[in-house]
2 protein chains.
Amino acid sequence: MLRISKLTDYGTMILVHLAVHQGRLHSASDVAAGTRLALPTVQKLLKLLARSDLVRSVRGAEGGYVLARGPGSISAADILDVLEGPLSITECSTSDSRCELEDGCPVGGAWQKINRGIRGALGEITLADLAHPPREFPLVDLSGRTGRIRQRIPTS
Amino acid sequence: MLRISKLTDYGTMILVHLAVHQGRLHSASDVAAGTRLALPTVQKLLKLLARSDLVRSVRGAEGGYVLARGPGSISAADILDVLEGPLSITECSTSDSRCELEDGCPVGGAWQKINRGIRGALGEITLADLAHPPREFPLVDLSGRTGRIRQRIPTS
DNA sequence: CCATACTGGACTAAGATAGTCCCATATAGA
DNA sequence: TCTATATGGGACTATCTTAGTCCAGTATGG
């Protein structure tokens with residue numbers, strides 16, 4: 001079902017919260033209050049995010065978290081990479097798992113190609129888009145044509 | 001990571017096998033031999049697929065399975081629906097789960113919209129495409145424009 | 001010094017997934 | 001009719017993943 005985990009969903013809420021209230025530090029408690037998520041969960045996720053290059057942290061009293069970059073420079077693919085690991089739609093498309101069926105596998109990497117297509121699309125969606133989503137993300141072209149359809153427009 | 005389960009991957013292999021060797025019935029043992037998958041797993045998956053409208057079964061001696069429709073009329077979305085249940089990227093986008101955070105949720109259904117976009121794209125990819133995949137499924141447009149980009153072309 | 005806040009990791013319960021197996025039912029052909 | 005060959009339906013288990021919590025350590029401002 002192409003699902004993302006709850007934690008990734010929560011993580012996205014947290015990032016959106018940081019994007020909307022930019023310009024100052026936010027403690028984990030602040031974020032928990034602002035998003036209505038449980039504090040321990042928020043702490044865990046912020047720790048994770050801070051280890052990536054999406055969020056920066058300041059330790060000590062009066063410390064907290066900020067977005068490391070503008071919301072227009074953080075893509076949905078970035079978020080998924082951090083919160084779910086490098087995304088790959090099937091197990092055999094991850095680099096470290098060898099598929100012993102590969103020779104006879106008639107799918108021949110189609111899922112992997114689909115995955116790259118989806119990943120490309122998610123690279124075009126920014127945190128700014130998530131904070132102010134358009135009415136609809138329309139259909140998508142996986143049909144066979146090549147090339148980028150749209151340049152990313154930094155919103156900050 | 002937007003991953004699909006192993007069983008869905010296997011199921012796709014099975015469907016591709018049926019698509020490539022169309023026109024006759026295939027027993028589960030045949031399919032297991034042809035795909036090199038374990039027989040019990042193949043049996044389980046074929047039973048599942050036969051309950052859907054993607055595969056038809058004939059019972060008894062000399063029985064077996066066939067695709068219920070041409071490979072050009074079965075989409076990747078169809079396959080995922082059968083093997084993984086109706087696909088939804090987040091928990092709160094499934095109909096039967098109420099999200100108690102919905103009011104304050106700043107994501108505002110962005111993931112759901114992305115999900116619909118991806119789902120639309122997967123509806124355009126057919127089993128025929130999976131059997132003979134193009135060099136690459138290109139990038140995808142989730143940018144904000146509306147409307148179908150391509151009509152599905154039945155290949156059988 | 002101490003209250004505040006991040007850091008790193010351990011830990012548990014619950015759920016999903018993968019894989020196997022058994023018995024019932026249907027059918028073709030000897 | 002009998003039997004071998006199939007599918008149909010479901011139970012069952014081991015393993016892994018996920019969600020969620022908690023604790024001891026470290027940094028820092030006042």
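Quick note on labels: first sequence line is chain A, next is B, and so on, each numbered from 1.
Here the P atom of nucleotide dT7(D) and the CG atom of L25(B) are 9 Å apart, to the nearest Å. In this structure, CD of E84(B) is placed 20 Å from P of dG15(C), rounded to the nearest angstrom. The CG-P distance, from D30(A) to dC6(C), rounds to 8 Å in whole Å. Rounded to an integer number of Å, the gap from L7(B) CG to dT20(C) P is 11 Å. The nearest whole Å value for the distance from the CG atom in L48(B) to the P atom in dG9(D) is 10 Å. Between the NZ atom of K6(A) and the C1' atom of dT21(D) there is a distance of 15 Å, given to the nearest Å. Residue L39(B) contributes atom CG, which lies 15 Å from atom C1' of dA18(C) at whole-angstrom precision. Rounded to a whole Å, the CZ atom of R24(B) is 13 Å from the P atom of dA6(D).
Side-chain atoms of A61(B) lie closest to dT27(C) of the nucleotides dT4(C), dT27(C), dA18(C). Checked against dC6(C), dT20(C), dG20(D), the side chain of A28(A) finds its nearest nucleotide in dC6(C). Side-chain proximity of R51(B) to the nucleotides dA4(D), dG8(C), dG10(D) is greatest for dG10(D).
Between S27(B) and dT5(D) there is no side-chain N or O to OP1 or OP2 distance below 4.0 Å. Close to dT18(D), at under 4.0 Å from its OP1 or OP2, lies no side-chain N or O of Y10(A). Within the 4.0 Å cut-off from OP1 or OP2 of dT5(D), not a single side-chain nitrogen or oxygen of S29(B) is found. For S5(A), no side-chain nitrogen or oxygen approaches OP1 or OP2 of dT17(D) to under 4.0 Å.
Looking at R69(A) and D78(A), a side-chain N of the basic residue comes within less than 4.0 Å of a carboxylate O on the acidic one, giving a salt bridge.
Under the 4.5 Å side-chain heavy-atom criterion for grouping Ile, Leu, Val, Met, Phe, Trp and Tyr, V20(B) is connected to I14(B) within one hydrophobic cluster. Cluster annotation: V58(A) and L49(A) are assigned to distinct hydrophobic clusters (Ile/Leu/Val/Met/Phe/Trp/Tyr, side-chain heavy-atom contacts under 4.5 Å, transitive). By the criterion of side-chain heavy atoms lying less than 4.5 angstrom apart, applied directly or through intervening Ile, Leu, Val, Met, Phe, Trp or Tyr residues, L7(B) is grouped together with L37(B) in one hydrophobic cluster.
A donor N or O paired with an acceptor N or O is found under 3.5 Å between the base of dG9(C) and the side-chain atoms of K47(A). In terms of polar N and O atoms assigned as donor or acceptor, the side chain of R59(B) comes within less than 3.5 Å of the base of dT25(C) in a complementary pairing.
The side-chain contact (heavy atoms from CB on, under 4.5 Å) test with V31(B) singles out one residue from M13(B), H26(B), H21(B), and that residue is H26(B).
Nearest-nucleotide positions on DNA chain D place E62(B) closer to the 5' end than the other of E62(B) and V58(A).
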